[in-house]
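This report concerns only the one structure given below.
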Amino acid sequence: QLQAYGGGLVQAGGSLRLSCAASGCIFSIGNMGWYRQPPGKQRELIARINSGGSTNYADSLKDRFTISRDNAKNTVYLQMNSLKPGDTAVYYCNADVTVVTGTQYKTFTSWGQGTLVTVSS
């Protein structure tokens, strides 16, 4: 399972770093990503990173947000700078996880529970 944390209340112009750690009987993790869902809106992609560290971003966020990962810790991070009130949202992480059950390998996309980021003006 994935556990996201690091959200909270921050003033406009401030920074936050979100973390998301995967736990369990994990064989490997492929792509990891961050998404967000602003109030009353659909969930949107922020950034994704593969196991080799290659990244892709939503164009509107790439100048202020940075995704990274620590493969040894099965953790993905999102550094958010110059935050704006419009960044207020629930932030979700996901990961393509391969687990071993007995002698079988199973790959699925796991989602974290979400962490709320509120940016005040």
Side-chain angles (χ1 to χ4, degrees):
Q1 65 179 20
L2 297 182
Q3 180 73 36
Y5 50 96
L9 176 64
V10 62
Q11 288 189 334
S15 298
L16 276 178
R17 188 193 196 205
L18 306 182
S19 302
C20 175
S23 62
C25 297
I26 297 170
F27 176 76
S28 66
I29 300 178
N31 292 330
M32 305 183 83
W34 286 98
Y35 294 74
R36 70 182 184 182
Q37 186 164 14
K41 297 183 179 181
Q42 291 187 333
R43 191 174 299 188
E44 60 184 8
L45 171 69
I46 299 170
R48 290 174 63 80
I49 184 169
N50 68 15
S51 57
S54 295
T55 59
N56 64 78
Y57 291 87
D59 286 341
S60 62
L61 299 173
K62 62 184 178 181
D63 292 335
R64 297 187 294 120
F65 290 13
T66 302
I67 190 171
S68 61
R69 65 190 283 172
D70 184 331
N71 290 333
K73 296 181 178 179
N74 290 335
T75 299
V76 63
Y77 305 97
L78 184 68
Q79 178 67 42
M80 304 185 293
N81 298 325
S82 302
L83 284 162
K84 306 174 182 179
D87 294 318
T88 295
V90 178
Y91 285 70
Y92 298 91
C93 57
N94 78 351
D96 296 332
V97 179
T98 298
V99 299
V100 179
T101 304
T103 59
Q104 293 188 338
Y105 295 83
K106 179 180 179 182
T107 299
F108 59 93
T109 299
S110 180
W111 286 86
Q113 84 287 1
T115 184
L116 177 63
V117 173
T118 302
V119 184
S120 63
S121 57

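Worth knowing before you read on, the calculation uses all heavy atoms, side chains too, and leaves out hydrogens, waters and symmetry mates. Start at 1 with the first residue, then count along the sequence.
- To the nearest 0.5 Å, atom CZ of residue R17 and atom OG1 of residue T66 are 10.5 Å apart.
- Here OG of S120 is found 15.5 Å from NZ of K84. Values are rounded to the nearest 0.5 Å.
- N56 contributes atom CG, which lies 6.5 Å from atom CG of L45 (distance to the nearest 0.5 angstrom).
- The hydrophobic clustering, which links ILVMFWY residues whose side-chain heavy atoms are closer than 4.5 Å, places V100 and F108 apart.
- To the nearest 0.5 Å, the span separating CE on M80 from CD1 on I46 amounts to 7.0 Å.
- Residue Q1 qualifies as open at atom CD: its count of foreign heavy atoms under 6.0 Å is 12 or below.
- Here the side chains of I26 and T98 are not in contact, with every heavy-atom distance at 4.5 Å or above.
- Transitive grouping of hydrophobic side chains (ILVMFWY, heavy atoms separated by less than 4.5 Å) brings F65 and L18 into a common cluster.
- Between the side chain of N31 and the main chain of A95, no donor-acceptor pair closer than 3.5 Å is present.
- How far CG of N74 is from CZ of R69: 8.0 Å, rounded to the nearest 0.5 Å.
- Judged purely by atom type and a 3.5 angstrom limit, R64 uses its side chain to pair as donor or acceptor with the backbone of S82.
- Not a single donor-acceptor pair under 3.5 Å links the side chain of W111 to the backbone N or O of C93.
- Panel note: side chain T115, backbone Y5; no donor-acceptor pair is recorded below 3.5 Å.
- Inter-residue side-chain proximity for W34 and C20 is flagged as met; some heavy-atom pair is nearer than 4.5 Å.
- For the 3.5 Å distance criterion, the side chains of R48 and N50 fail to qualify, holding no donor opposite an acceptor.
- The line from CG of N94 to CZ of R43 is 8.5 Å long, rounded to the nearest 0.5 Å.
- No side-chain donor-acceptor contact under 3.5 Å links T75 and D70.
- Y35 and Y91 have their aromatic ring centers separated by at least 6.0 angstrom.
- For V119, the side-chain contact (heavy atoms from CB on, under 4.5 Å) partners two or more places apart in sequence, or in a different chain, are V10, A12, L83, P85, D87, T88, V117.
- Hydrophobic clustering (ILVMFWY, side-chain heavy atoms < 4.5 Å, transitive): V97 and Y77 are in distinct clusters.
- Formation of a donor-acceptor pair under 3.5 Å by the Q113 side chain with backbone atoms of A4 is found in this model.
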Check: Could you walk me through whether S15 and N81 pass the side chain to side chain donor-acceptor pair (under 3.5 Å) check?
Finding: CA-CA 4 Å; S15 298; N81 298 325; 3.0 Å; yes
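- With hydrophobic clusters built from ILVMFWY side chains whose heavy atoms lie under 4.5 angstrom apart, I29 does not share a cluster with Y92.
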